[in-house]
Amino acid sequence: MYAYTCAHKEYPFGTILKITNLSNNRSVTCVVNDRGPFVSGRDIDLSYASAKDIGLIEPGTSSVRIQSLGRDSSFRREVRYLSREGPFTIQVGSFRDPENADRLKKALAFRYSNVYITEADIRGTLFYRVRIGRFQLKAEAGQLGETLAEEGYPIVITAYDEKR
């Protein structure tokens, strides 16, 4: 909330953006660390600190200019492989809260097809796993996995489970 961060549907995590409020020409620099917004007609959600600096707290929304200034590469993640034989799937997240899983699924569905959620009971705790695709070849899964890791997602390549 008090960090200079923002949510965007497409920019990779770690992208540094300069946001300019077009109604008063005030600017702020923030880092993409979340996906969203999921409201029609909106391109970016700013943290409280970022919105306050450019005068968006009272009006709530405004037209802004978004400029990419580069990327903090520390947001890049590694791809882990848990399976050696296919078919494969890519796990992008695992959550106890189904709403968090659904939110990630919606964010991924803007750019990727065949995004789904599976449930897993791990020692009595239910997890909602967000996954993408069904791949016969490890290299295919790995290629998309690398793209997702570059965007900042923690990736696990695992066996595809027929029960979804």
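Quantities reported herein were computed from a predicted structural model and do not represent experimental measurements.
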Would a 4.5 Å heavy-atom cut-off, applied to side chains only, mark [X] and [Y] as touching?
X	Y	value
D43	V64	no
T15	H8	no
F127	T125	yes
I54	I19	yes
Y4	T29	no
I44	L17	yes
E119	Y128	yes
V130	L108	yes

Looking only at non-hydrogen atoms, find the nearest pair between [X] and [Y] and report the distance.
X	Y	value
E140	Q136	OE1-N, 3.8 Å
E146	V79	OE2-CG2, 3.5 Å
Y112	L144	CE2-CD1, 3.5 Å

The single option from R76, R77, R111 passing salt bridge (charged side-chain N to carboxylate O under 4.0 Å, His left out) against E151: R111
Candidate list N24, N21, L22, test side-chain contact (heavy atoms from CB on, under 4.5 Å), partner S62, passing option: N21
Name of the residue among I90, L82, T89 meeting side-chain contact (heavy atoms from CB on, under 4.5 Å) with I157: I90
Rounded distance (nearest 0.5 Å) linking atom [atom1] of [X] with atom [atom2] of [Y]:
X	Y	atom1	atom2	answer
F88	L137	CZ	CG	8.0 Å
D45	K9	CG	NZ	9.5 Å
I16	Y11	CD1	OH	12.5 Å
Y48	L56	OH	CG	12.0 Å
N33	C6	CG	SG	7.0 Å

Does [X] belong to the same Ile/Leu/Val/Met/Phe/Trp/Tyr cluster as [Y], with side-chain heavy atoms less than 4.5 Å apart forming each link?
X	Y	answer
L126	F95	yes
I66	V31	yes
L69	F75	yes

Donor-acceptor contact present, side-chain R80 to main-chain T158, <3.5 Å: no
Count the heavy atoms of every other residue, nucleotide or ligand shown that sit under 6.0 Å from [atom1] of [X], and state whether that count exceeds 12.
X	atom1	answer
Q143	CD	no
R42	CZ	no
K138	NZ	yes

Donor-acceptor side-chain pairing of R35 and Y153 below 3.5 angstrom: yes
Which residues share a side chain to side chain contact (heavy atoms under 4.5 Å, CB included) with Q91, sequence neighbours left out: S94, R129, R131, V156
By side chain to side chain contact (heavy atoms under 4.5 Å, CB included) - contacts of S47 (at least two apart): T5, A49, S50
Salt bridge flag under 4.0 Å for residues D97 and R103: no
